[in-house]
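For the single chain, residues carry numbers from 1 onward in sequence order.
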Amino acid sequence: MLRSGQWKMQRPSKYRENSIDFIKIQYWTILVLSAKMNVTKQKNFGQNNEKESDIIMAREVTMEDIEHIEEMIARAQKAAEIIATYDQARVDHLCQAVAASLYDLKVWAPLCDEAVDETHLGDKVSKRNKRNKLKLILRDCLRQPSVGIIEENKEKGLVKYAKPVGVIASLVPTTNPCLTPAGQGIYAVKARDVVIFSPHPRAKKVTAKCVNLMREALVREGAPADIFQVIENPSIALSQELMKRANLVIATGGRPMVKSAYSSGTPAFGSGAGNATEVIDETANTPERIAEVAMNCRISKTSDFGSGCSCDGNIVCHASVYDDFVKALVKEGAYIANADEAEKLKLVMWDETGHRLPDTVAIAPQKLAEKAGFEIPADRKFIAVTGGGRENIGKEHLFSSEKLTTLMALFKYDGEFENALDMVRAIYEVGGKGHSCGIYSFDDDHIHRLAMMAPVSRIMVRQPNNKGNAGSATNGMPPTSSMGCGTWGGNIVSENIALKHYMNTTWVARPIPEDMPSLQELFGDFYKDGMDVE
């Protein structure tokens with residue numbers, strides 16, 4: 001524990017399930033050290049020349065910090081009292097207003113550009129596509145009740161009523177500084193909640209701008225602006241005080257952020273780190289199927305320069321279709337690195353202790369190659385390295401860990417499908433348990449066997465993982481930007497954080513005819529006469 005006035009530098013790789021967690025949410029990481037610590041960041045250490053917001057120091061929480069948060073909480077509670085009185089039609093109308101205020105590409109596109117300019121993470125072009133998630137969230141919200149009775153089971157005599165959870169503290173990741181508040185904002189309004197957003201300091205300007213656009217939309221419709229608030233000058237101290245006073249915390253990011261949220265003493269939903277892996281079996285045995293799976297992998301890998309936890313990082317491909325798959329990847333824009341180039345990439349992606357370096361996260365493949373000391377053609381969309389087989393997977397084999405950039409590792413398996421499952425098991429021992437994987441197969445037995453063994457919360461079948469995991473128009477997953485990873489990933493739920501997680505429910509139970517099987521039915525082979533006799 002640091003004493004007051006004692007300062008200690010920390011490398012970003014220290015706090016990690018793997019150090020990717022720090023890269024995604026480095027601002028929040030040291031919340032776990034002490035409820036009294038506040039942080040800022042320094043420049044220039046080790047191998048990195050990082051921004052001012054990239055290394056963290058400590059100070060005591062001030063009375064000004066506490067007063068500022070208490071004032072925000074008071075404003076939020078007043079807004080909560082008002083929105084709690086709205087009927088379903090009013091709530092749905094506000095959901096549409098909030099979604100429309102950001103979905104318009106003339107609004108969303110500048111936000112995407114500003115997000116990349118401020119954070120130096122991701123791709124301005126593909127980041128524009130993320131606004132489609134708002135359509136899906138709005139679709140689901142408009143199809144579900146959230147005021148009064150939301151579910152009724154006459155057979156069991158049960159009726160559920162929805163109630164707001166109150167004030168939500170949202171910790172916003174630097175990789176999604178606009179999509180996260182936008183999506184959460186729609187869900188929160190639907191549930192009649194209020195939200196105070198705590199942005200990453202590397203994205204505080206664009207997050208504040210996004211939230212202020214939503215506030216303006218509320219005011220235009222006669223609703224309180226303070227249904228949404230944002231901490232415009234975020235600090236760890238402010239975030240800690242916010243989490244203590246909120247009714248619910250939603251922490252979107254890696255395990256350190258989630259632990260900090262859970263340690264706040266407030267109920268919390270969190271998400272976990274990924275290491276997205278795609279299995280391709282021998283049923284991808286036609287030119288059309290090979291082309292489709294290669295396209296899916298390209299889509300999943302290149303979205304926002306691979307910044308998302310769902311972006312394909314590892315491919316486990318059957319030997320019988322491997323060569324054709326690699327050729328198809330090249331057609332889709334892959335650059336296949338040779339052994340020398342792979343070693344160079346390794347040096348700029350991980351430090352000597354195997355910790356992920358932040359300056360190669362979510363960058364264009366040309367920049368990634370340049371940092372590694374070689375060049376690739378301008379038309380290449382991502383880099384692929386040939387990872388080898390099962391013997392090349394493990395914590396000592398860095399390409400089998402999460403990458404969060406425009407690089408993909410290709411692994412080959414021979415023979416039975418069980419060999420693919422062995423490789424998947426090994427990959428998730430490296431990292432990413434609880435998050436997701438995918439499979440391109442037309443063999444239902446293979447899909448079933450993967451589902452039975454994979455320590456993940458979601459498996460996408462024949463679709464891009466990054467699009468499918470968080471919900472798409474072509475699958476039934478609840479749309480979200482926050483994905484729970486279960487106890488594997490240190491989370492309380494293993495499902496997408498969606499509308500039901502934003503509501504309290506009141507269960508009303510009426511009497512029904514007695515429902516109790518006989519002792520023989522209940523105990524089966526263990527039944528014996530006289531079990532109810534002393």
Applying side-chain hydrogen bond (donor to acceptor under 3.5 Å, both in side chains), name anything that partners [X], two or more places apart in sequence or on another chain.
| X | result |
| --- | --- |
| N419 | none |
| Y440 | E292 |
| T302 | none |
| H501 | E495 |

N/O donor-acceptor pair under 3.5 Å between [X] side chain and [Y] backbone:
| X | Y | result |
| --- | --- | --- |
| Y262 | I492 | yes |
| K209 | C178 | no |
| S307 | T175 | no |
| N475 | G468 | yes |
| K301 | T405 | yes |
| N275 | G431 | yes |
| R298 | L329 | no |
| S436 | A276 | no |
| E278 | C297 | no |
| K127 | C112 | no |

Considering residues at least two apart in sequence or located in another chain, which fulfil the side chain to side chain contact (heavy atoms under 4.5 Å, CB included) criterion with [X]?
| X | answer |
| --- | --- |
| D340 | N338, K344 |
| N176 | K130, P173, L179, T180 |
| D140 | Q144, P479 |

Pick one: which of V211, L111, D117 meets side chain to side chain contact (heavy atoms under 4.5 Å, CB included) with V206?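 Filter result, single survivor: L111.
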Residue pairs, two or more places apart or on separate chains, that pass salt bridge (Lys or Arg N to Asp or Glu O under 4.0 Å) and touch residues 312-327: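 Residue pairs with at least one partner in residues 312-327: there are none.
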Report yes if the side chains of [X] and [Y] come closer than 4.5 Å at any heavy-atom pair, otherwise no.
| X | Y | result |
| --- | --- | --- |
| N496 | R458 | yes |
| C210 | L102 | yes |
| P464 | M460 | no |
| R202 | E118 | no |
| T406 | D123 | no |
| M243 | L171 | yes |
| L248 | F269 | yes |
| L398 | H355 | no |

Residue [X] excluded, over 12 heavy atoms near [atom1] under 6.0 Å:
| X | atom1 | result |
| --- | --- | --- |
| I459 | CD1 | yes |
| E416 | CD | no |
| K124 | NZ | yes |
| E375 | CD | no |

Over all heavy atoms of both residues, which pair between [X] and [Y] is shortest? Give the atoms and the distance, please.
| X | Y | value |
| --- | --- | --- |
| S401 | W350 | OG-CZ2, 3.5 Å |
| H435 | A273 | CB-O, 3.4 Å |
| N314 | K403 | OD1-NZ, 2.7 Å |
| A203 | T119 | CB-CG2, 3.6 Å |
| A261 | A251 | CB-CB, 3.9 Å |
| F399 | A342 | CZ-O, 3.3 Å |

Verdict with supporting geometry, R128 and D113, salt bridge (charged side-chain N to carboxylate O under 4.0 Å, His left out): CA-CA 9 Å; R128 282 159 165 74; D113 294 344; 3.0 Å; yes
Please determine whether side chain to side chain contact (heavy atoms under 4.5 Å, CB included) holds for the pair N233 and K204, giving the CA-CA distance in whole Å, both sets of side-chain angles, and the decisive distance to 0.1 Å. CA-CA 7 Å; N233 292 299; K204 64 181 182 180; 3.7 Å; yes
Would you mind listing every ring-ring contact (aromatic ring centres under 6.0 Å, His included) that reaches into residues 274-323, with sequence neighbours excluded?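 Of all non-adjacent pairs touching residues 274-323, those that pass ring-ring contact (aromatic ring centres under 6.0 Å, His included) are H318-Y413.
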Pairs meeting criterion ring-ring contact (aromatic ring centres under 6.0 Å, His included) with involvement of residues 368-387, two or more places apart: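 Qualifying pairs, neighbours excluded: none.
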Roughly how far, to the nearest 0.5 Å, is the [atom2] atom of [Y] from the [atom1] atom of [X]?
| X | Y | atom1 | atom2 | value |
| --- | --- | --- | --- | --- |
| I137 | Y187 | CD1 | OH | 5.0 Å |
| M408 | I383 | CE | CD1 | 11.5 Å |
| I280 | I290 | CD1 | CD1 | 6.5 Å |
| T252 | I497 | OG1 | CD1 | 8.0 Å |
| L238 | I231 | CG | CD1 | 5.0 Å |

Test H120 against V361 for side chain to side chain contact (heavy atoms under 4.5 Å, CB included), laying out the working first. CA-CA 9 Å; H120 303 287; V361 169; over 6 Å; no
Any side-chain donor paired with an acceptor under 3.5 Å for S482 and T480?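 There is no such pair between these side chains.
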T283 versus D281, side-chain donor and acceptor atoms under 3.5 Å: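 The answer is yes; a qualifying pair exists.
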Pick out which of N466, N465, N469 makes a side chain to side chain donor-acceptor pair (under 3.5 Å) with S310.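 Option passing the side chain to side chain donor-acceptor pair (under 3.5 Å) with S310: N469.
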For R425, check salt bridge (charged side-chain N to carboxylate O under 4.0 Å, His left out) against everything at least two apart and list the hits.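 Testing R425 for salt bridge (charged side-chain N to carboxylate O under 4.0 Å, His left out), a comparison that skips the adjacent residues, returns E418, D422.
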Where do K346 and E343 land on the salt bridge (charged side-chain N to carboxylate O under 4.0 Å, His left out) test, with the steps shown first? CA-CA 5 Å; K346 198 180 297 182; E343 287 302 313; 3.1 Å; yes
Set of ring pair (Phe, Tyr, Trp, His ring centres under 6.0 Å) partners for F417, sequence neighbours left out: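 Applying ring pair (Phe, Tyr, Trp, His ring centres under 6.0 Å) to F417 gives H446.
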